[in-house]
Structure formats: C-alpha cells, structure tokens
Engineer: 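Dropping a structure here in structure tokens format, bear with me for questions.
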Protein chains: 2
Amino acid sequence: MTSPEMWFTLYAIAGKGAVHRRVTMTTRELGAMLGVSQQTASRRLAECVRAGLVLKSHSVNGTILQLTEEGIRELERVLQGLEAVFAPPRDEIVIVGKVTEGLGEGAYYVDIYAQKFQEALGFRPFPGTLNVRVIDEESRRAVNMMKKSPPLIVPGFVHEGRTFGDVICYRVKVGEDINAAIVIAQRTHHSSDILELVAPVNLRRKLGLRNDDTITLRVVPLHRA
Amino acid sequence: MTSPEMWFTLYAIAGKGAVHRRVTMTTRELGAMLGVSQQTASRRLAECVRAGLVLKSHSVNGTILQLTEEGIRELERVLQGLEAVFAPPRDEIVIVGKVTEGLGEGAYYVDIYAQKFQEALGFRPFPGTLNVRVIDEESRRAVNMMKKSPPLIVPGFVHEGRTFGDVICYRVKVGEDINAAIVIAQRTHHSSDILELVAPVNLRRKLGLRNDDTITLRVVPLHRA
DNA sequence: ATTACTAAGACACGAGTAT
DNA sequence: TATACTCGTGTCTTAGTAA
C-alpha cells in the first residue's frame with residue numbers, strides 16, 4: 001500500500017504534467033506544493049523512486065521526473081475510486097461497447113475452464129469468447145462500478161502440471177434474456193478496455209453480431225443471481 | 001491545505017459511501033482501512049472533524065459519520081485534479097451547454113464592471129449575461145480544464161464605498177467569430193454548472209437563441225488572445 | 001544555484017487504560 | 001463492546017551544511 005505522503009507526492013508530480021511527459025522541477029518547488037521543506041521533498045521523492053512509482057534523473061537546475069507505469073496505475077486507482085464514490089447509487093450497471101475481434105486464445109481457456117464455469121455460472125460455456133471494447137467514458141465508469149461490486153470467483157486448479165489461476169467473473173444479461181458473464185483473467189491487462197464474455201450460446205451467431213456492432217450489457221448483482 | 005493523512009481518512013470514509021448517506025463504522029475498522037491503529041484512526045477522525053470535513057456523532061456500536069459539504073468539495077477537487085491530469089493534452093477546450101434563464105442580476109454587475117471589462121477584454125460588454133448550463137460530463141471536465149488554465153483577472157475596485165472583488169475571466173469564441181468571455185464571480189457558487197457569458201453583443205438576439213438551445217464555446221488560450 | 005547528508009528536535013504513533 | 005485519554009518510544013522533519 002502506498003502511504004498517504006507518497007500518494008500526495010505522486011499527485012503533485014502528476015499535477016505538473018508528468019503523466020504525459022517528463023517534467024523538470026526542483027525539490028524546493030515540490031516541497032512548496034506539498035507544504036514541506038526542500039529536504040523532506042527530496043526524501044519523499046526518493047521514497048517514490050524506491051517504491052517504483054517515479055523515475056528520477058538529474059539535471060543542472062532541478063530533477064527530471066517521470067511517472068512509471070505503476071505510478072500512473074496508482075493514480076488511476078484513486079481516480080476510479082473517486083469516480084465510483086461520486087457516481088449516484090444505481091440499481092443497474094449498464095455497459096455499452098462494440099463487438100471486437102478477439103485474439104482467439106479465449107476459446108482455449110474457456111475450454112479448459114469449462115467444467116469450473118459450469119459449476120460457478122450454471123451453464124456450460126460456448127467454447128469461445130465475445131470481445132467487447134468499451135469506448136465511452138460512461139461505460140468505462142460503469143466497468144469500474146462493476147469491479148467494485150462483489151465478484152463471482154471461479155477457483156483455479158492445476159491441470160497436467162500447469163497452474164491455472166482464479167478467474168473473476170461478473171454476471172451480465174445480454175439483450176433481454178441471455179445470461180452471460182464477463183470474465184477477467186488474473187494477469188492484469190494494463191487497464192484494458194476490452195471485456196471478454198462467455199455465454200451458453202454463440203453470441204455472435206445468436207444475435208447476428210458483426211465487428212463494431214454495438215452491444216449492451218446489464219450487470220446482474222450477485223445477490224440476485 | 002488538507003494534510004495527506006486527513007485526505008486519506010476522508011477518502012476511506014467516502015469509500016464506505018459517506019458521500020450519499022451517513023455511515024456507521026468503528027475506529028478500529030477505519031484504522032484497518034488506513035493501516036493504522038484504532039487510536040490513530042480516532043485521532044485522524046477528530047482532525048477531520050476539527051477541519052470541518054466530517055460530521056461525527058456517537059452510536060452504541062461505532063461512530064456515525066457524514067461528510068460535510070466542505071469534505072465533499074475536498075474530494076471533488078482531487079477528482080477534478082486527477083481528471084485533468086489524465087485528460088489527453090488538447091489544443092482546444094470545447095464546452096457544450098444549454099442556454100438557461102439567468103437571475104437577471106448579471107446585467108447589474110456587467111454594468112458596474114463595464115469599464116474594467118473594456119480594459120481587460122478589449123470590448124465594451126453588452127449589459128447582460130448569457131447563462132449556459134453545462135450538462136454532460138465531458139463538458140464538465142472541459143470546464144475543469146479551463147479553470148486549470150491561466151485566467152484573465154479583472155481587478156476589483158471600490159465604488160461608492162462598496163468593494164467589488166476581482167473577477168476571473170476566460171476568453172471564449174462563440175460560433176465562428178464572436179469573441180466573448182466566461183466570467184466567474186468570486187463567491188464560489190457551490191460547484192455550479194452554470195457559466196455566465198459576457199460579449200460585446202446581445203448573444204441571445206444575435207444568434208437567435210432560446211432557452212434550452214445548445215451553444216458551443218471554444219476556450220481561447222491566453223497566450224493567443 | 002541545485003540535491004542530499006547528519007543530527008537535534010518535534011511530533012506522531014500505539015500500548016495501556018479510563019470511561 | 002465502544003471511544004479517546006496519557007505517555008514513553010520511535011519516526012519524521014527541518015536546520016545546517018557538504019558536495
């Protein structure tokens with residue numbers, strides 16, 4: 001967990017524009033932003049570097065700073081947290097996205113997890129996933145809200161000496177009556193906007209979907225599942 | 001300035017849903033969320049109360065907490081800061097809103113500030129303001145971006161023994177060629193979604209605008225003004 | 001000008017405990 | 001059970017200063 005002080009330091013650096021580019025600033029300046037001395041700012045900065053949140057290099061008049069991927073993710077987490085906090089409480093979480101061509105690997109995994117999915121979701125999944133790309137900000141927030149709701153966890157297992165991790169699922173309804181689930185693989189795709197759907201049927205064929213068609217998903221709360 | 005610790009405390013409480021309703025929690029629980037002891041959580045909470053960010057009342061099994069307006073604003077500030085930080089750098093800030101009926105007091109103030117506006121903006125303002133209500137999230141973010149850009153400050157003055165404060169302005173273009181300015185009065189309207197426009201002409205008549213008509217404003221960067 | 005070390009002082013933390 | 005007090009301990013901060 002990132003400490004409050006480190007987080008504030010990160011936020012101050014980001015405020016200078018370090019998310020999109022490298023920025024040059026002095027420790028005195030950073031200290032002023034944080035309301036601490038130059039020395040403390042220097043130390044705080046060093047902490048962020050040690051934690052792998054910031055890259056620092058030296059320049060004649062100041063320090064060149066750049067947020068790392070992890071640093072940016074840290075800020076994104078808080079942004080999403082705040083968005084979720086301010087989102088009006090809703091009964092329904094609705095996600096709108098566009099049908100996207102997958103990498104084809106989905107089918108392989110669905111096949112391996114088929115029995116587990118059957119037990120957890122109550123249906124035998126069609127061997128393939130439908131990939132949905134979230135485009136607008138509203139749906140992106142809806143996805144965050146979904147991820148803050150209690151997930152359905154499909155336990156991992158070992159198969160032929162290989163370990164398959166837990167899979168996080170969220171039940172959704174597609175159209176009026178098709179039950180499906182969004183599955184989220186463990187390996188965190190760097191805040192990917194692509195959702196993978198499994199369903200008891202071939203959604204593409206059943207709904208006559210083509211790439212770039214719009215699809216609407218309604219998240220089903222766990223307690224109602 | 002809110003300290004990092006206080007801010008984190010606020011954020012933790014908000015995460016429990018205290019933005020929309022009152023929540024009950026123990027100081028032990030809060031401490032666990034913050035990674036500190038029950039005693040420290042208690043003290044942090046007291047700091048937030050002293051700072052006017054949280055309202056606290058006692059209950060048998062825990063503490064009833066509610067964020068104050070100021071506490072919510074504090075979180076909003078960070079949310080907006082993060083949104084601005086993550087927004088892709090753009091050449092143009094575009095705000096779309098709907099024409100709204102004003103309170104009529106705008107004209108009075110424009111009249112009093114007329115000379116000052118003339119000097120700062122380069123045009124004599126039509127005696128009246130056009131009120132524009134921002135509706136969608138995207139424009140709301142655009143407004144935040146605008147507010148993070150360097151403002152044009154019309155200095156205040158004393159007139160007949162009464163003090164008139166500074167006025168913050170942002171130049172905008174309405175349509176293709178009408179120069180106007182968004183004026184923001186000092187007294188902070190609680191994160192109001194209403195913008196007040198001054199222009200050298202009667203925008204309502206010139207553009208044939210009626211209430212609820214959509215209007216598009218393009219913010220003019222100061223260095224290009 | 002910078003950054004960052006050392007050392008002394010301030011202050012925050014948590015154990016114990018009263019309520 | 002709670003919250004919140006005191007107080008000893010230890011960490012964090014800053015002034016001074018080196019590099």
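In the text below, chain A, chain B and the rest are named by the order of the sequence lines, each starting its count at 1.
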Engineer: Do any N or O atoms from the side chain of T27(B) and from the backbone of A41(B) form a donor-acceptor pair under 3.5 angstrom?
Structural biologist: no
Engineer: OP1 or OP2 of dT3(D) sitting under 4.0 Å from any side-chain N/O of T63(B)?
Structural biologist: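 Yes, such a contact exists.
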Engineer: Is any side-chain N or O of K56(B) closer than 4.0 Å to OP1 or OP2 of dA4(D)?
Structural biologist: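 For dA4(D), OP1/OP2 do have a side-chain N/O of K56(B) under 4.0 Å.
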Engineer: Within residues 10-17 of chain A, find the residues that approach DNA chain C with a heavy atom at under 4.0 Å, and present them sorted by residue number.
Structural biologist: none
Engineer: Heavy atoms under 4.0 Å, any strand shown: does V36(B) hit a base, just sugar-phosphate, or nothing?
Structural biologist: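 It contacts sugar-phosphate atoms only.
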Engineer: side-chain contact (heavy atoms from CB on, under 4.5 Å) with A12(A): which residues, sequence neighbours excluded?
Structural biologist: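 side-chain contact (heavy atoms from CB on, under 4.5 Å) check on A12(A) returns L30(A), M33(A), L34(A).
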Engineer: If you measure from OG on S42(A) to CD on Q38(A), what distance do you get to the nearest 0.5 Å?
Structural biologist: 6.0 Å
Engineer: Looking across every strand, which nucleic acid part, if any, lies under 4.0 Å from T40(A) by heavy atom: base, sugar-phosphate, or nothing?
Structural biologist: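 Since a base atom lies under 4.0 Å of T40(A), the category is base.
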Engineer: Partners of F157(A) by ring-ring contact (aromatic ring centres under 6.0 Å, His included), sequence neighbours excluded?
Structural biologist: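 Partners of F157(A) by the ring-ring contact (aromatic ring centres under 6.0 Å, His included) criterion, ordered by chain and then number, come out as Y113(A), F164(A).
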Engineer: Consider only side-chain N and O atoms of E119(B) and Q115(B), and report whether a donor and an acceptor are under 3.5 Å apart.
Structural biologist: yes
Engineer: Taking side-chain contact (heavy atoms from CB on, under 4.5 Å) as the test, write out the residues that go with I194(B), two or more places apart.
Structural biologist: T100(B), N131(B), R133(B), S192(B)
Engineer: Atom CD of residue position E138(A) - does it have more than 12 heavy atoms of other residues, nucleotides or ligands inside 6.0 Å?
Structural biologist: no
Engineer: Rounded to whole Å, how long is the line connecting atom CZ of R28(A) with atom P of dT14(D)?
Structural biologist: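 Whole-Å distance recorded here is 12 Å.
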Engineer: Whole-Å distance between dA2(D) P and E29(B) CD?
Structural biologist: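 These atoms are roughly 10 Å apart.
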Engineer: Quick check for you: to the nearest 0.5 Å, what is the distance between M145(A) atom CE and Y170(A) atom OH?
Structural biologist: 11.5 Å
Engineer: Can you give me the first and the last nucleotide of DNA chain C (5' to 3') that has an atom within less than 4.0 angstrom of a non-hydrogen atom in chain B?
Structural biologist: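 Going 5' to 3' along DNA chain C, contacts run dA12(C) to dG16(C).
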Engineer: Taking only residues two or more places apart in sequence or in another chain, which ones pass side-chain hydrogen bond (donor to acceptor under 3.5 Å, both in side chains) with K16(A)?
Structural biologist: E29(A)
Engineer: Nearest 0.5 angstrom please: L75(B) CG to L10(B) CG, how far?
Structural biologist: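 Atom-to-atom, L75(B):CG and L10(B):CG are 4.5 Å apart.
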Engineer: Atom pairs, N/O to N/O, protein against nucleotides 15-19 of chain D, distance under 3.5 Å?
Structural biologist:
residue : atom : partner : partner atom : Å
dA15(D) : N7   : Q39(A)  : NE2          : 2.8
dG16(D) : O6   : Q39(A)  : NE2          : 3.1

Engineer: Work out which heavy atom in P150(B) is nearest to a heavy atom in L222(B); give both atom names and the distance.
Structural biologist: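 The pair with the smallest heavy-atom distance is O-CD2, 3.5 Å.
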Engineer: Tell me, yes or no, whether the heavy-atom count around R140(B) atom CZ, taken from other residues, nucleotides or ligands under 6.0 Å, exceeds 12.
Structural biologist: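 Yes, the 6.0 Å shell around CZ holds more than 12 heavy atoms from other groups.
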Engineer: For G62(A) and for G35(B), locate the closest nucleotide of DNA chain C by heavy-atom distance; then report the residue assigned to the nucleotide nearer the 5' terminus.
Structural biologist: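 The residue mapped nearer the 5' terminus is G62(A).
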Engineer: Tell me which residues in residues 43-54 of chain B lie within less than 4.0 Å of DNA chain D, going by non-hydrogen atoms.
Structural biologist: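 Nucleic-acid contacts, sorted: none.
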Engineer: Identify, with sequence neighbours excluded, every residue that meets salt bridge (Lys or Arg N to Asp or Glu O under 4.0 Å) alongside K98(A).
Structural biologist: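 So K98(A) forms no salt bridge (Lys or Arg N to Asp or Glu O under 4.0 Å) with any residue.
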Engineer: Between the opening five pairs and the closing five pairs of the helix from dT2(C)-dA19(D) to dT19(C)-dA2(D), how far apart are the helix axes, to 10°?
Structural biologist: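 For the helix from dT2(C)-dA19(D) to dT19(C)-dA2(D), the axes at opposite ends meet at about 40°.
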Engineer: Looking only at heavy atoms, what is the nearest atom pair of A14(B) and V85(A), with distance?
Structural biologist: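 Reported closest heavy-atom pair: O-CG2, 3.5 Å.
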Engineer: Tell me, please, which residues at least two apart from E70(B) pass side-chain contact (heavy atoms from CB on, under 4.5 Å).
Structural biologist: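 Scan of E70(B) (side-chain contact (heavy atoms from CB on, under 4.5 Å), adjacent residues dropped) gives L53(B), T68(B), R73(B), E74(B), R77(B).
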Engineer: Considering residues at least two apart in sequence or located in another chain, which fulfil the side-chain contact (heavy atoms from CB on, under 4.5 Å) criterion with K56(A)?
Structural biologist: L45(A), V49(A), T63(A), L65(A)
